[in-house]
Amino acid sequence: MNPTIPVKGANGNYYQPSSPSGIHNPVNDLLNNVNEGDRTYILGNADVKVNILQQEMHNLSTSLSYALQYNDLKSNFYTPTTSSESYWTGFEGRANVNYQKWWTNRLEWLINYTLTLKKHQLKAVLGYSWERSKWEQSGNENMNFVYDSMSWYGIGNGTALKDGKANLWGGSSESTLIGFFGRLNYNYNDMLYASASLRHEGSTKFGKNKKWGTFPSISLAWEVTSTPGLKDTFKMFQSLKPRISYGVTGRSDFDAYKSLSTYSSRSSYYLNNQWVIGYAPSLNANPDLAWEKSTAFNVGIDFVTLNSHLRGSIEYFDRRSKDLLYNYTAPQPPFIYDNILVNVGTTKNTGLEISLDYDVLSKTAVKWTTGVNWSTGSTRLTKLSSDVYKAAYLDLYQKPGLGTSEYFFRVEEGGKIGQFYGYKHAGIDETGQLLIYDNEGEARPVAQADPAWKRNIGNGAPKHFLSWSNSFRYKNFDLSMLFRSALGYKIFNMRKYGMGLKGCGTDNVLRTAYTDYNNITSGGGVISSYFLENGNYFKLDNVTVGYTFTPKKRELIESLRVYLTAKNLFTLTAYEGNDPSIVTSNGITPGIDTNSAYPQATQVSLGVTLRFH
């Protein structure tokens with residue numbers, strides 16, 4: 001909102017701007033709109049365990065657990081006749097009351113068995129799990145009130161109900177997940193470790209032909225320093241453990257009924273001298289809708305030096321998501337609609353992670369331990385089409401705004417996830433217009449932009465993540481610090497795009513539009529590399545300093561620690577927008593700094609920790 005627009009008019013009432021369309025008086029909204037609710041959480045757990053057999057070699061037990069999660073929410077809203085919404089919609093006030101509740105029941109039964117035989121130890125687990133989740137909703141909305149004093153309590157008094165313009169709604173969903181699983185862990189003389197598991201799960205969300213999925217995993221590890229004949233060879237290590245693992249998990253985190261041809265209300269039809277609401281199928285049924293599967297392959301090595309001053313791990317990972325769900329174009333016939341939710345896509349994420357901890361000072365009065373964690377990787381879309389369902393590319397994250405048709409990302413088969421798709425910036429001409437390159441390498445004004453000139457202009461996913469921790473101790477004092485960094489990526493500065501240049505729109509613009517960027521007169525409005533900036537940052541995330549008191553007499557209190565913690569102290573970056581650390585840097589649409597992101601504030605807290613004897 002333009003800050004020169006007054007809060008109140010000459011008559012003492014809240015001022016309502018008549019331009020641009022849809023503009024609200026935020027002070028009026030905050031003080032006079034009613035937006036409240038009542039929420040109830042109930043969490044419950046019950047566990048029973050029975051030890052069936054307890055011997056030196058054999059141990060057998062069983063347990064049964066039940067958990068309940070219940071969430072009840074009633075939300076109430078009222079905007080008065082004097083509100084900005086009433087001004088633009090023509091309604092004399094609007095009341096909305098909505099009620100929702102969610103509840104989940106979980107039951108799990110486990111059988112645990114342990115066999116200890118000299119240098120061999122075997123642990124086995126068999127189990128069954130059951131989970132049912134339900135959701136319900138009902139709500140109503142009415143408009144046009146004579147008095148505002150009753151707020152949403154008088155929702156039945158609105159005249160829109162009599163005029164047939166009020167709204168009523170309701171809905172529910174239910175899904176059930178069942179799993180059978182088993183796991184075996186084997187340990188030979190603390191030298192060889194092996195683990196294998198198998199999970200067989202079924203969910204009502206999937207198609208009738210694909211309700212069940214089977215998910216195995218296996219891992220192996222070898223403690224080299226415990227191996228006869230090798231201890232002297234690797235005598236500089238207290239522990240040296242190479243390891244390898246492979247596992248598959250299933251995902252079912254989407255709404256229920258997507259595999260079915262559900263019905264929805266359609267337009268009203270005049271039948272037998274009355275209007276009748278029509279119903280029709282709203283989804284293409286897919287009896288082969290199946291589990292999304294995530295596979296993870298890891299090879300690594302953990303080590304601890306002989307004096308324990310240096311500890312760490314090195315790991316290579318290969319993570320793949322298979323049978324990803326996406327709405328594809330469906331052939332007509334046999335399908336009713338032109339799209340259908342199916343399992344087709346595959347992504348591949350590979351990379352390296354290194355973690356090191358080192359005791360810099362350990363034999364002096366001041367103790368200092370430092371640790372570094374670094375990771376790098378990239379994600380590609382390796383499969384997008386099948387013999388039946390085909391797509392040349394995926395366009396992701398539509399640019400906000402009325403009438404827009406641009407997307408920030410385009411992912412093609414074999415391409416990297418997170419690639420910004422837009423026009424390449426070509427400079428600024430003598431009249432102050434932003435320029436972009438066409439396919440022949442010629443600079444053209446943005447006003448002449450042709451979608452055929454678009455290309456990959458940067459990636460919003462960092463190539464490197466880094467964290468650095470330090471802990472100090474001197475007598476009863478302790479100090480810890482955590483630094484964090486991300487490097488090698490771009491951020492699309494939506495603040496600069498929407499408010500950073502003259503003529504961005506009818507809303508307010510930043511001061512820098514008339515200072516730093518005063519030479520630019522036009523040329524915004526399209527996704528171009530001009531709005532991409534390096535997102536590299538290095539920040540001090542957390543600092544904690546504490547002092548521990550130890551009483552001479554410890555009959556009641558063992559120790560008392562007083563500490564002071566500060567979060568988000570500073571960020572070093574060349575990025576001009578918000579703190580880059582709060583911009584999403586993972587997922588399939590990373591690196592967009594939205595206008596709604598609120599800057600992080602520095603937080604300071606004081607605390608006390610008591611340990612009782």
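Quick note: numbers below take in every heavy atom, side chains included, and nothing from hydrogens, waters or symmetry partners.
Partners of Phe215 according to the side-chain contact (heavy atoms from CB on, under 4.5 Å) rule, which considers only residues two or more places apart in sequence or in another chain, are Glu201, Val248, Trp291, Lys293.
Separation of the Phe531 and Tyr497 ring centroids falls under the 6.0 Å cut-off. With ring centers used as reference points, Tyr128 lies under 6.0 Å from Phe180. Aromatic pair Tyr421/Tyr407: centroids not less than 6.0 angstrom apart.
Annotation: cation-pi pair Lys241/Tyr193 present, NZ/CZ under 6.0 Å from the ring centroid and within 45° of its normal. In this structure, Lys496 forms a cation-pi arrangement with Tyr530, its terminal cationic atom sitting closer than 6.0 Å to the ring centre and no more than 45° off the ring axis.
Counting only N and O atoms by type, the side chains of Lys539 and Gln600 include a donor and acceptor under 3.5 Å apart. Between the side chains of Ser308 and Gln238, at least one donor-acceptor pair of N or O atoms lies under 3.5 Å.
For the atom pair CG of Leu394 and CD of Glu413, the computed distance is 10.0 Å after rounding to the nearest 0.5 Å.
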Under 3.5 Å donor-acceptor pairs involving side-chain atoms of residues 100-113, not counting sequence neighbours:
| from | atom 1 | to | atom 2 | distance (Å) |
| --- | --- | --- | --- | --- |
| Gln100 | OE1 | Trp135 | NE1 | 3.0 |
| Thr104 | OG1 | Ser133 | OG | 3.4 |
| Asn105 | OD1 | Tyr66 | OH | 2.5 |
| Arg106 | NE | Glu131 | OE1 | 2.7 |
| Trp109 | NE1 | Thr62 | OG1 | 2.8 |
| Tyr113 | OH | His58 | ND1 | 2.7 |

Using distance only, find each side-chain donor-acceptor pair of residues 464-485 under 3.5 Å and give its atom names and separation, not counting sequence neighbours.
| from | atom 1 | to | atom 2 | distance (Å) |
| --- | --- | --- | --- | --- |
| His464 | ND1 | Trp374 | NE1 | 3.3 |
| Trp468 | NE1 | Thr370 | OG1 | 2.7 |
| Asn470 | OD1 | Trp368 | NE1 | 3.0 |
| Asn470 | OD1 | Thr370 | OG1 | 3.0 |
| Asn476 | ND2 | Thr548 | O | 2.8 |
| Asp478 | OD1 | Arg561 | NH2 | 2.8 |
| Asp478 | OD2 | Arg561 | NE | 3.2 |
| Arg484 | NE | Asp541 | OD2 | 2.8 |
| Arg484 | NH1 | Tyr537 | OH | 3.3 |
| Arg484 | NH2 | Asp541 | OD1 | 3.3 |
| Arg484 | NH2 | Asp541 | OD2 | 3.2 |
| Ser485 | OG | Tyr537 | O | 2.7 |

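We find that Asp47 and Lys49 are not joined by a salt bridge, their nearest charged nitrogen and carboxylate oxygen being 4.0 Å or further apart.
Heavy atoms of other residues, nucleotides or ligands lying less than 6.0 angstrom from NZ of Lys424 number 12 at most.
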